[in-house]
Amino acid sequence: PQTPNPKPQTPKDFDREGSNPNFFKKTKKSNIYIRSIQKIMNNIGQLIPKNLQEMLGTHPFLRLLKFSYLNEFRKRLKMIRRVSAFVLVLLILGYFIRKSRQRSIIRLFQTNSRNSEILSKLEPTLNRYAPSFYLPFAQIMIMSQVFKNPSCPPFTKEILRFDDGTELLIEWSVKGEAKEDAPIVAFILGTAGLSSDSYSKALVKAVTDKGWRLVVVNRIGFGYQNVRTRRFLGKNEHENFNIAISKIHQRYPQAPMFLVGVSNGANQAALYLGHHPNTPVRAAVTIGNPYNLCRVSYFMPKFYSWILAHGMKKLYRFHMKNPLFMNAIAEHYNDPNVVYNKFLSGKTTAWKIEKNLSSKLSMAESIFDYYNCMSSESVLDRIKVPLLAINSLDDPVCFKHAIPVEKIINNENIIALLFERGGHVEFFHGWRSEWFGFDLAVQYFDLLLKKDGEKNESVGAEILSPPA
């Protein structure tokens with residue numbers, strides 16, 4: 001007998017949407033879910049008065065459940081995304097503009113006629129300061145200087161030789177032929193800084209455009225110059241600057257001399273002025289002075305400490321070829337390879353290098369003794385020449401808590417300007433992100449020159465005028 005045909009079944013491998021045998025089961029389940037949601041929404045809709053139902057029409061949640069409204073929903077979703085992106089761009093732009101308006105400047109000085117007169121004449125320039133709105137953070141300002149390359153006259157290198165055989169590298173820059181009595185601006189770079197850096201070129205351009213001379217005074221052993229004596233990284237580096245500046249002044253005795261320092265170079269400049277009050281320098285400007293190296297170096301963010309340590313490692317690797325330098329290291333370490341592997345390779349911080357190398361080569365008792373001798377905070381009360389100290393309150397390297405406010409106010413020769421925004425030494429200003437700090441320094445020197453000229457004219461008029 002023939003067996004009846006069984007009930008036809010759909011093959012397991014049949015699937016309208018692919019090779020999934022549970023396709024129909026899923027669609028049944030999804031239909032059950034949709035119906036249950038519709039029932040819930042209908043029950044909720046019954047609680048709404050009829051007048052409101054007529055005003056609202058079909059419930060939006062129910063409309064979304066129908067496939068005919070999916071395209072409309074996608075279009076609306078795209079529109080929402082575009083509007084939200086546009087609003088986000090507006091918020092970011094507004095934040096940038098708000099940051100650019102943070103241009104307040106705190107002025108710290110003793111109230112006297114000279115300081116008041118200088119600040120009154122600098123006031124129009126200070127009011128004009130507007131931080132570049134597209135550089136809203138100090139970190140962006142610091143990184144953006146890498147992409148700057150101002151055009152400036154080339155440098156002419158010269159070696160100054162001291163009586164004990166020490167050699168110090170100076171680099172001259174002048175546009176054309178300057179007069180014998182043209183002002184000279186001595187410039188001290190930051191740690192591991194070079195004359196080819198962008199901030200150095202920016203100052204050279206600002207100075208040489210006035211027809212003045214600029215001379216970069218490198219620290220002994222810096223600027224890739226060979227070490228001849230043990231003066232490298234000594235605790236009395238201000239003596240080296242005193243000899244170098246005195247030699248430059250002897251060459252141009254009629255030229256007024258000014259001094260500019262940035263970052264650790266600003267600290268060295270203030271340290272020199274404090275130890276040598278009878279300096280030929282008429283006035284000085286410091287930008288981004290750390291004041292207290294121990295506090296700044298210990299609490300410096302690791303990212304900036306790594307960048308600073310990278311420049312210091314390059315400097316030490318260059319001097320590892322020098323027998324005199326190796327003999328100095330051998331006094332503290334038996335194996336030079338240990339020094340190279342531990343401190344000059346891989347990631348390390350500036351604190352670690354100065355603790356294990358710089359402080360030992362300077363013959364200091366400890367890292368704290370080294371920093372105490374190399375910090376300008378302790379000699380601010382001895383400075384006898386006009387000093388304009390420029391710092392930024394958002395500086396992530398030389399932070400505001402290290403600024404000795406009381407010592408600055410107690411010295412009548414110091415005027416400190418604390419900008420709300422400015423980065424480290426950049427102080428980028430306007431649409432073109434110009435270096436505002438260097439322009440302000442040149443204007444400050446020019447102002448003092450005019451003031452001295454007016455005094456000389458008044459004294460000469462008194463001498464030539466007949467007695468009454």
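Computed from heavy atoms alone, side chains included, the values below leave out hydrogens, waters and symmetry copies. In what follows, residues are counted from 1 in the order of the sequence shown.
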Determine whether the aromatic ring centres of residues Tyr134 and Trp431 are separated by less than 6.0 angstrom.
no

Distance under 6.0 Å and angle within 45° of the ring axis: does Lys148 meet both against Phe428?
yes

Qualifying residues under ring pair (Phe, Tyr, Trp, His ring centres under 6.0 Å), relative to Tyr370, sequence neighbours excluded:
none

Testing the 3.5 Å rule here: is there a donor-acceptor pair between the side chains of Asn372 and Asp369?
no

Pairs of donor and acceptor atoms involving the side chains of residues 437-449, under 3.5 Å and at least two apart or interchain, shall be tabulated with distances.
residue : atom : partner : partner atom : Å
Gln443  : OE1  : Thr125  : OG1          : 2.8
Gln443  : NE2  : Thr125  : OG1          : 2.8
Asp446  : OD2  : Lys210  : NZ           : 2.9

Just jot down the ring pair (Phe, Tyr, Trp, His ring centres under 6.0 Å) partners of Tyr371, sequence neighbours excluded, or say none.
Trp351

Contacts of type side chain to side chain donor-acceptor pair (under 3.5 Å), residue Glu123, not counting sequence neighbours:
Arg107

Ring pair (Phe, Tyr, Trp, His ring centres under 6.0 Å) against Trp306, all qualifying residues, sequence neighbours excluded:
none

Please list, chain by chain and in numerical order, all residues satisfying ring pair (Phe, Tyr, Trp, His ring centres under 6.0 Å) with Tyr272, sequence neighbours excluded.
His276

Determine all donor-acceptor pairs shorter than 3.5 Å in which one atom belongs to a side chain in residues 248-259; sequence neighbours excluded.
residue : atom : partner : partner atom : Å
Arg251  : NH1  : Glu158  : OE1          : 3.0
Arg251  : NH1  : Glu158  : OE2          : 3.3
Arg251  : NH2  : Glu158  : OE2          : 2.4

Among all residues two or more places apart in sequence or in another chain, which pass the salt bridge (charged side-chain N to carboxylate O under 4.0 Å, His left out) test with Asp381?
none

Could you check whether any side-chain heavy atom of Ile105 comes within less than 4.5 Å of a side-chain heavy atom of Leu418, counting everything from C-beta outward?
no

What class does the angle between the rings of Phe427 and Phe419 fall in, given that below 30° is parallel, 30 to 60° is tilted and above 60° is perpendicular?
perpendicular

I'd like to check the salt bridge (charged side-chain N to carboxylate O under 4.0 Å, His left out) partners of Lys175; sequence neighbours left out, ordered by chain and number.
Asp209

Could you tell me which residues satisfy salt bridge (charged side-chain N to carboxylate O under 4.0 Å, His left out) with Arg382, sequence neighbours excluded, listed by chain and number?
none

Indicate whether the side chain of Tyr316 and that of Ser358 have a donor and an acceptor atom separated by less than 3.5 Å.
yes

Could you please spell out the steps behind the salt bridge (Lys or Arg N to Asp or Glu O under 4.0 Å) verdict for Glu117 and Lys451?
CA-CA 10 Å; Glu117 182 182 357; Lys451 189 177 179 183; 3.6 Å; yes

Please table the atom pairs, donor to acceptor, closer than 3.5 Å between any side-chain atom in residues 212-225 and protein atoms at least two apart or in another chain.
residue : atom : partner : partner atom : Å
Arg213  : NH1  : Lys179  : O            : 2.8
Arg213  : NH2  : Ala178  : O            : 3.3
Arg213  : NH2  : Lys179  : O            : 3.1
Asn218  : ND2  : Leu169  : O            : 3.2
Asn218  : ND2  : Glu171  : OE2          : 3.0
Arg219  : NE   : Glu237  : OE1          : 3.3
Arg219  : NE   : Glu237  : OE2          : 3.2
Arg219  : NH2  : Glu237  : OE1          : 2.7
Gln225  : OE1  : Leu169  : N            : 3.0
Gln225  : NE2  : Arg219  : O            : 2.8
Gln225  : NE2  : Phe222  : O            : 2.9

Close side-chain approach of Leu344 and Leu357, heavy atoms under 4.5 Å:
yes

Applying side chain to side chain donor-acceptor pair (under 3.5 Å) to Asp395 and not counting sequence neighbours gives His424

